[in-house]
Amino acid sequence: MGLLAVEGLSIGYHTEKGLLHAVEDVSFTVKRGRSLGLVGESGCGKTTLGLAILRLLPENGTILKGRILFDGADLLEKSDEAMRRIRWKEISMIFQAAMNALNPVHRVKDQIAEAILTHEPETPRETVRSRVEALFDQVGIPRSRMGDFPHQYSGGMKQRAVIAMALALRPRLIIADEPTTALDVIVQDQILRQTRRIQEAFDISMIVISHDIAVVAEVCHDIGVLYAGQLVEYGDRESVLQSPMHPYSRMLLGAFLTVGGKPPRVPDNGNDSPDLMDPAPGCRFHDRCPMAEDPCRQTPVASVTVGRTHRVLCRRVA
Amino acid sequence: MDSKTSPEILRLSEVTKTFRQSRSFFSGTKKIVTALNRVSFHIHKGEIFGLIGESGSGKSTAGRLIVHLDRPDSGKIYLNQKEITRLPGRAFRPLRSRVQMIFQDPYQSLNPQLSVFEAVEEPLVVHGKGKRARREDRVVEILDAVRLRPPERFFYRFPHQLSGGQRQRVAIARAMVLNPELVVADEPTSMLDASISIQIFDILLRLREDLDVTFLFISHSLAAAHYLCDRIGVIFRGHLVETGEGKAVITRPGHPYTQALMDALPRFACGEKGRRYNALLNTRRKPPAPSGCPFYPRCAKGKASLCSAHAPPFKEIEAGHQVACFLAG
Amino acid sequence: MIPKKKKAVFFTVFFLGCLWTGVGFGASKRAAYLKVGLFAEPKTLNIWLASDRWSFSVLSKIYQGLVTRDPETLELIPWLAETLPVYDPQTLSYTVTLRDAEWSDGSPVTAEDVAFTGNLIKEFKIPRHYWRWNFVKAIQVKDAKTVRFVLEKPMAIFLSRTLTTPIVSKKEWEAVAQRARKAGKPLTALMNHKIKNPIGNGPFVLKTWKQGAYLLLTKNPHFFGKGLKIAGHVLGPHVDGVLFKFYGTSDAAILALKKGDIDMYWWSVQAGYLGDLKKNPKITLFRNERSAMYYMGFNLRKPPFNDVALRQAVATLIDKDFIITRILQGDGERMDSVVPKGNKFYYCRPDTLWGAGLSREQRVKAAYKRLVEAGYSWKVPPVDESGKGVRAKEIRLPGGAPMGPFTILTPPADYDPLRAMSGTIIQEWLRAFGMPASAKPMAFGSLLDQVKVRRDFDAFILAYGKLSLDPDWIRAFFHSKNDKVRGRNMSGYHNPEFDRIADLSAATMDKKARRKLICDMQKILMKDLPYIPLYTPKMIEAVRNDRFSGWVNTLEGIGNIWSFCLVKPIRP
Amino acid sequence: MELWRYLWRRFIQIGITFFVILTILFVLFRIAPGDPVTRMIGPEMTTEDAVRLISQLGLDRPLWIQYLYYVRNFFTGNFGYSFHYGQPVIEIIWDRLPNTVLLFTSSVILSAVVGVFLGKIAAWRKGKRSDTLMTLGALVTHTVFLPWMALILIWIFAYRFGWFPINGMISEEIWLDPSAGLWIKALDVFHHMVLPLLTLFLIYFGSYLLIMRSAMLETLKEDYILTARAKGLKEKVIRNHHAAPNAALPVVTSVGLSLAFSINGGALTETVFSWPGIGRELVFSVSNNDYPLAQAAFLLISAVVLVSNLVVDLLYAYLDPRIRY
Amino acid sequence: MADGFKTRKKALSRHGHWIERWKEGWAIYKKNLLGRIGLALLSIFTLMALASFIPPLIDPMYGPMSGVDPAITASTGPSARHWLGTDFMGRDLFSQLLAGARVAFTVGITSAFVSIVLGTLIGMVAGYLGGWTDVFLMRAADLIMVMPTLLVVLILAALFGQLNIWSIILIIALFRWPGVSRVIRAQTLTLKERPFIDAARVAGASHVRIIFRHIMPNVLPLSFLYMTFRVTAAINIEAALAFLGFGDPGTVSWGMMLQWVWKTGHMFKAPYWLLPPGICISLITLAFYLLGRAMDEVLDPRLRKEGERY
């Protein structure tokens, strides 16, 4: 039994033009102390998933069906107040745009202390202070910079500060949404390593959301590949990376540039991600898929289990 | 591609560019930031030259100088052996059809108010190339070349109706429509997903074959450069630190900074914890004297007496592979 | 942070407190001050600078002249003087004896003060006063109470204009004059002298002036008239003081009057308020004649209005009764001569009344007839073959050229909406007659500049507010020697016959003979029509009748010195 | 140190702007038709009177000499004598200034505080009935024609109910009463101020509300608000501690930009309520061709706007930590 | 391929996409209740302005300025003959109200249009060219911005005699451009930083072409948005001016009507005279305001971030 189990989750957005099916029938589990990577191109619904777990979808977003079980209890059935208590204390989040995730008018240390004091209001000031200091040490920001305002930090430091904040309450699950986008390769790598170190040290479960499969491959135990709102492939790192079954996963891995690896091959038929307003009933990848057949478009696909922990959403694989 | 023998199309010689940045809302004083510091390199006709560096390293500035969007503070730029550094805008305009640029962000580099046709047609209009019907034909041709098919379906679409990949294709079409000799591609795929990037790269490669165009490819990724480029230059904080054949630089990096970049490349290292960042210091050193090596504060190998006081000159460690480091080779 | 409940209580108390101040204090009245509403604040208490009616409203209670007018007969009667002055035709001199009067600081009013005042005006050439004194050759102090004025030539206006000049205290002004003489600009220095506490000889003295809010006069214990019987009235003042309040708008003042915040509103009440006020039993309305002329003037220096026929036709076309009934809402008197009808002694009915009593169509026909005689023609004449009035097009001058467009300048609507409106209406009448007229309201200063300084205009509508009862001003307004830049003959009227009679009238000291001459002048003017007199508005004033009584009706309304000396509180 | 340099630069800028306005005013008042002398003395004046006065006032000297005097006088604080009042202009200005400042600042502060507060609430309850009501109310009161609003308020509260005085800023009875203490006098002024204040408040709070509301809605879309939510903060804390301070920044800017515009409203209000302030004095003096007073009043108003803009900029910098000296 | 291309091109005409965009915009606009109310109000006022030509044709006594009812010599309340009653001279208030709508539109739209054109041009030029041009133009803008427009017009009205309606319109226009130009300049500055301007420069486009072809289409929606707010400002300033008695006496504007009711002392006894013009001024302001706000939502949301909002 995992710490977090998402079962058959579908999410839609109400827009000017109608209902947008952002996430369709997604299921996965995150085990204690393990990390899950969700990878996919922009607009595939990965951020929506992250927000849905914390029940922070924007106003026009609704969960159409499914369950989100955290520690066995369905988060969707909790009261707002109960949910508020779970946030950060149990599940915290590292946001995509760290640049903007910190409030510009408050000092960084205050923003971290605020998280602590909200959930543990009895904590004495001194303790809060020392805990914040410890967090800064952990993520490698000098203590002298604690009193700064966010705009005085560089991008990497902000990212670290956000990580520090996410760790403040030792949550059991951290959702990291594109934790390293917009950072330089070297900084990115350092932060990823740090993240993994902390996760392992504190035995925290993680969901890492990224468009870069390399990032996910670096950090995660399990990998889920999302395409147009559907979880097209899901399994442990080794099986997904070494034997990708879904054509999209293969395309993603094939497009990955390595030094010294074999040259990539990506078929180009000029097509793009499908319209999520009114998706075809079948596989959403069909018009970019090199092996697509007519039935792919028409009939809904069911996921196929190919290994102990490996599922694929493709009728050709079956 | 036999680049060594083909003639030089572009040469930068000791080019320096500084920017004034206003430090704060209240202060009138400006901070001077050096984007490029005495950078020299050249590109041969028909090759793809990769300029690699972190963001803020000055690599985009180099591109902007070449297409005359900015002027260097000192140094010279030659196009086809002709100096173009200080040409006034009017005199440079005819040359524009020969040097074009593809910008980084396809979401920003297309005017939201212009349709695809209008955007791609514009260079033709500006340079007075042909009547409308002729121009239409040319636009169809070039849209087809960047695989926007069928081209006429895209004519009256607006940028917001296109995906990122399609926009970048439109941007490429706009750059190519005048049949330029040299195209500066400034991180053309950094905003795109991996699968789309490869498609864009492939288009660039094919265009080179078909149209005999030279590319200056600017990127932060050594892997992408490795995939595309014939030659590579690595730039650190405005200083060119290493140039050479793509393969040579990637496989035998001479400069500690290049080595660090190589280390940073993700490689699906499942559980592997090999030698990493040996070239980098964990903490920072004090900055060197202005004349010193710019990489010295972060360099694990740096020697206080030597590196902090003197700028390392370029040193050829193998044929066509130069490194600006005392300790290289 | 204050708890919410406490906040609410605090604000309620505060709010109630505010209401209470308004209501509670409005009711508490101690001294019997007569409260008078003014439309605007007096601009100055320096009598030599004052030129606005608001300043005079106050100053006329403080400074008094040697003679004044009887409220009923409007005859000149002695005031600060013991008796009317004695004229000696041989020496061209008047001798005046003063009453026993005191300044408000207790010192006696002496012949020295009178002489000082006259000499001050002459020396500094004080505007608005100098022209009444420049013919006085010498002022001789006979003794403490007797003063003799020697004139250069006989002047009819000496009594009515010169001797009504307010007398100031030598003690107070000597020092000021000394300092002014030393200044680079003596006149400016004198006029800019700020009077903190004027020493007066009238029934009231200044107590406090809170600028922007109110001005309080209190009873002058040294007033010479106290208990004296002059013109059949035993003078007071019977009130403790006069409190002037300033209202920028009539709404506010009328409302204040209704609420009892003021006892009198010293300004003609607009027609719109009358209905309401009439119904209010606590308010009495007074209607009085005014000595004023509202008129339309022409520029006689240039065509087309140098043609008397055209002026007469325009006079015929203007329906004065319409203006009075509609625009003035009936509160005015039509003027048929330059002298208002209220001035019964000098008013003479002219030979022609120019369209009086005619209907619209009859007017058009009369004017048409007059102009056809004078050689005018039309593209479409205002009277068709069948003799019916129609809308005319393009009037042509006797030479055959079409009349060029001309403008009728009027004061702006903010200054006098009624005149601005009259201009617009006249414009419509003239247009229907084929004349390309347009009314153009203009800021008052610009208008005067245009008319008096540049003298570049076609026609204008202006007014003279408080015309003196002695109509010597006719001479000033129409004498050809006053046709100059900034001169008072604004029309550029030249008539040698008129000039002759006018000069004669000025030197004629016999009242009857003078009346005859002035009558002739009026008739000439009404034939030549440099001005078309339009109307004299009525002065309608409203007072409360529950606290004070005894207002004196006279020309120009109840706001006169008599009223202020006679009004008494009503004792409940 | 940077602050001083910044202030120094701003002061120079303000000085130049001011000087240009000064010059424009001079030129305007001289090229305009209209004869100050005629207006000053009235139609009864004779030609001789006028000529004498013109030379006494220095109006016959060459324009550039007049200009030099004008500038010199200005810098020595000598605005000349009012044609109308015959008092030094500076005295009149100093007399009226506190009244304007009292009415204007209290109205700006009141409407800003209430507007910002309600705007915060409205944005927070976006789409709910209370939001619709507040937004609509703000829109409607904000767009009412100001003098008309004043007339209607007078009609209802002063005429019908008689709760408030209609005019001026003090009751003579109270000020003449020696037993009335300071508190009573203050209350009296406040009592007179209620209607003009209410007029300005009703007109202006709406714009603050609308600006705050949209700024707040914009802020609520920011990532740090999402972070705050994810942190499990209470809604009230998110609203008051995280969203409002950021949303208030554009409001501060718009206060600065709309200052000149609010002064129009202030002048209209002063005129309708006969509030003895600078705005009303300006309206009166322009129709009286009282050059010196109109000039000084206009200059003062411009100076107030200029300095307030500076204050607003400093306030902005104070509120936004991203801007530091 | 060429043939198919030609036919398809006809189907999707060169300007077809603009119609599409309008339709899209209208679809969003339609959803905005307040916007619909604003539009409805505006249509009513437009109808009023058009209808203002009718009453004088029926009977000269309905002429808004000089027509008087021969039977009425004082202000009377509403009747069948005079729907809103008459003013103190016996002029019909309803026809005055209709004429006022015409004046309001003339004043509002003309002066807003002129000031928007000026503001947009100046803002674009200042923002694009930068340097001393920018400094000079923006200092001028600052200068004008610190002067309260109403007071300026008042001073000019007093100095240069009563202004006619066209000079009032012009002065308002000349004093209301800085706000727009600041916004447009800010917008131009951000646009200038956007790579598509660089792209146009690389393509060889001249400055004029960049300003008019690339920057202008991007700032025009914003200009139009500001135009609605400028319209309200212009109407309000004209009304205030007329109310204070400095308006053009030859026009029957709503402010003029208010001045007449105020100055002739009918304020408290003739609500039929006091209320309609005030309500009309307020409602037309509201209408344009609602229109602007609704348009605001239609526009590209990125445009909304910069600059002053109202």
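Protein chains get the first letters and strands the later ones, always in sequence-line order, with residue 1 at the start of each.
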For [X], is it the side chain, the backbone, both or neither that has a heavy atom under 4.5 Å from a heavy atom of chain D?
| X | answer |
| --- | --- |
| Met165(A) | side chain |
| Leu54(A) | side chain |
| Leu117(A) | neither |

> Got Leu56(A) and Leu226(D) here, is their nearest side-chain heavy-atom distance under 4.5 Å?
Replying inline: yes

>> So Thr227(D) and Asn103(A), do their side chains get closer than 4.5 Å, heavy atoms only?
In response: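 A side-chain contact under 4.5 Å is absent here.
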
> What are the two closest non-hydrogen atoms of Phe95(A) and Ala230(D), and how far apart are they?
Replying inline: CZ-CB, 3.8 Å

> Taking all non-hydrogen atoms of both residues, which atom of Pro245(D) and which atom of Val105(A) are closest, and how far apart?
Replying inline: CB-CG2, 4.0 Å

> Hey, does the side chain of Thr118(A) reach the backbone of Leu233(D) with a donor-acceptor pair shorter than 3.5 angstrom?
Replying inline: no

>> Check whether Lys231(D) reaches the backbone of Lys89(A) with its side chain - one donor and one acceptor, N or O, closer than 3.5 Å.
In response: no

Residue [X] excluded, over 12 heavy atoms near [atom1] under 6.0 Å:
| X | atom1 | value |
| --- | --- | --- |
| Phe18(D) | CZ | yes |
| Arg129(A) | CZ | no |
| Glu81(A) | CD | yes |

> Just by distance, with hydrogens left out, do His242(D) and Gln111(A) show a side-chain donor and acceptor under 3.5 Å apart?
Replying inline: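 No pair is found: no donor N or O on one side chain lies under 3.5 Å from an acceptor on the other.
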
>> Rounded to the nearest 0.5 Å, what separates atom CZ in Arg84(A) from atom CD1 in Ile238(D)?
In response: 9.0 Å

>> How long is the straight-line distance from CG of Asp320(D) back to CZ of Phe149(A), given to the nearest 0.5 Å?
In response: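 Answer for the CZ-CG pair, Phe149(A) versus Asp320(D), is 9.0 Å.
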
Look at [options] and state which one has the largest set of heavy-atom pairs under 4.5 Å with chain D.
| options | value |
| --- | --- |
| Pro171(A), Ala168(A), Pro104(A) | Pro104(A) |
| Glu59(A), His106(A), Met93(A), His119(A) | His106(A) |
| Arg87(A), Met83(A), Arg85(A) | Arg87(A) |

>> Evaluate Val237(D) against Glu114(A) for side-chain contact (heavy atoms from CB on, under 4.5 Å), listing each step before the verdict.
In response: CA-CA 10 Å; Val237(D) 176; Glu114(A) 186 184 32; 3.7 Å; yes

